[in-house]
Amino acid sequence: MNLYEIDHDFLKLQQALEESDGELTTEIAQMLDENEANMEKKYSNYVKMINIFSGKADMIDNEIARLTKLKNSQKSSAERLKTALADSLKLRMLDKYDGTFFKLSWRKSSSVEIEDESLLNKKYLRVVTSPDKTAIKNDIQAGKKVKGAYIKENSNLQIK
C-alpha cells in the first residue's frame, strides 16, 4: 500500500466518523488502528529512504570535491610540464619543433594589462567595476590612447 492509498483510507475513515456523528464503532476503531500501523510503517520507510538518498547525495558531493581536486592537480601538472617545455624552446631559441608525433610552435596573442584602474575613463569600467578589456583593446588597436592600460604581446606554446 502506498502513501496515497493510506491517506485516502484515512480520509474515508474521517468521513465515516462524521457520518456516524463521531461515534467510534469497533469496526472504525480497528480500521483506524490499521491505518495508523500502515502510516507508521510507510513513514518509517520514507524516512529511511530520505536518509539513504541524502547520504548518497553527500557521498556524491564528496566525490565531486575529490575529483575536482584531482582535476586541478592534473591541470597544474600539465601546466608545469608545458612551462618547462616552453622554457626549453626559449633556451634553444627555437620558434618551432617538429617531433615524430607532435609539433611545437609559438602562437602570437595579445592581452590588455591594466596598470592603474583608477586612471581609466569610466566608459571602460563595467557595472561590477572591472575594466572592460575588450573595449580597451579595441580602442588601443584603433589608435586611441587609453590612460592606465596598454596591450602586452604574449607568446603561448601551441601543441598540435
Side-chain angles (χ1 to χ4, degrees), residues 1-12 14-15 35-160:
M1 186 174 276
N2 63 36
L3 191 57
Y4 173 80
E5 293 168 337
I6 294 169
D7 288 344
H8 183 70
D9 287 349
F10 179 74
L11 291 174
K12 287 191 328 191
Q14 274 186 328
Q15 185 179 4
N35 187 270
E36 179 73 24
N38 287 338
M39 182 197 65
E40 173 64 28
K41 184 177 178 183
K42 191 56 70 175
Y43 281 10
S44 177
N45 288 337
Y46 268 55
V47 169
K48 288 175 187 173
M49 292 307 297
I50 289 168
N51 288 337
I52 288 169
F53 290 140
S54 295
K56 285 182 179 181
D58 289 343
M59 287 173 35
I60 291 168
D61 283 342
N62 291 337
E63 187 66 6
I64 288 170
R66 185 187 72 80
L67 290 173
T68 299
K69 185 176 177 183
L70 180 62
K71 174 185 162 186
N72 291 339
S73 173
Q74 297 298 310
K75 281 185 171 184
S76 177
S77 294
E79 199 55 43
R80 279 194 307 275
L81 291 173
K82 191 174 180 180
T83 299
L85 190 56
D87 289 346
S88 179
L89 286 172
K90 286 177 185 176
L91 175 73
R92 298 170 192 275
M93 294 186 278
L94 295 174
D95 289 330
K96 65 179 183 173
Y97 178 82
D98 292 336
T100 306
F101 301 107
F102 60 92
K103 294 179 184 214
L104 304 176
S105 62
W106 296 101
R107 177 180 40 89
K108 292 283 183 187
S109 68
S110 62
S111 63
V112 174
E113 298 293 320
I114 306 298
E115 294 175 317
D116 187 351
E117 193 173 314
S118 66
L119 297 175
L120 294 174
N121 186 312
K122 292 211 186 288
K123 78 174 188 175
Y124 298 119
L125 297 177
R126 295 182 182 154
V127 175
V128 287
T129 66
S130 67
D132 183 352
K133 289 185 176 184
T134 303
I136 294 169
K137 183 177 183 180
N138 290 341
D139 281 1
I140 292 173
Q141 287 177 334
K144 295 180 183 175
K145 297 254 183 206
V146 177
K147 216 180 225 186
Y150 67 96
I151 293 181
K152 176 181 147 186
E153 295 295 324
N154 300 311
S155 291
N156 301 307
L157 181 61
Q158 180 175 309
I159 302 174
K160 293 183 180 179

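What you see below is based on every heavy atom in this structure, not just the backbone, and it leaves out hydrogens, waters and symmetry mates.
Between the side chain of Thr68 and the backbone N or O of Ile64, at least one donor-acceptor pair lies under 3.5 Å. For Thr83 (side chain) and Glu79 (main-chain N/O), a donor-acceptor pair under 3.5 Å exists by modelled atom type.
Of the options Leu120, Val146, Leu119, a side chain to side chain contact (heavy atoms under 4.5 Å, CB included) to Ile114 is made by Leu120 and by none of the others. Considering Lys147, Lys123, Lys145 in turn, Lys123 is the only one that fulfils the salt bridge (charged side-chain N to carboxylate O under 4.0 Å, His left out) rule with Asp139.
With rounding to the nearest 0.5 Å, the separation of CG in Leu89 from NZ in Lys96 is 12.5 Å. Interatomic distance, Ser73 OG to Lys71 NZ, rounded to the nearest 0.5 Å: 12.5 Å. Once rounded to the nearest 0.5 Å, the distance linking CZ of Arg126 with NZ of Lys133 reads 9.5 Å. Rounding to the nearest 0.5 angstrom, the gap separating the CG atom in Leu85 from the OH atom in Tyr97 is 10.0 Å. To the nearest 0.5 Å, atom CG of residue Leu125 and atom NZ of residue Lys122 are 6.5 Å apart. From Asn35, atom CG reaches atom NZ of Lys12 across 10.5 Å, with rounding to the nearest 0.5 Å.
A donor and an acceptor atom, one from each side chain of Ser77 and Arg80, are located under 3.5 Å apart.
Considering every non-hydrogen atom in both Glu153 and Ser110, the closest pair reads OE2-CB, 3.9 Å.
Salt bridge annotation for Arg66-Glu63: present, with a cationic side-chain nitrogen under 4.0 angstrom from a carboxylate oxygen.
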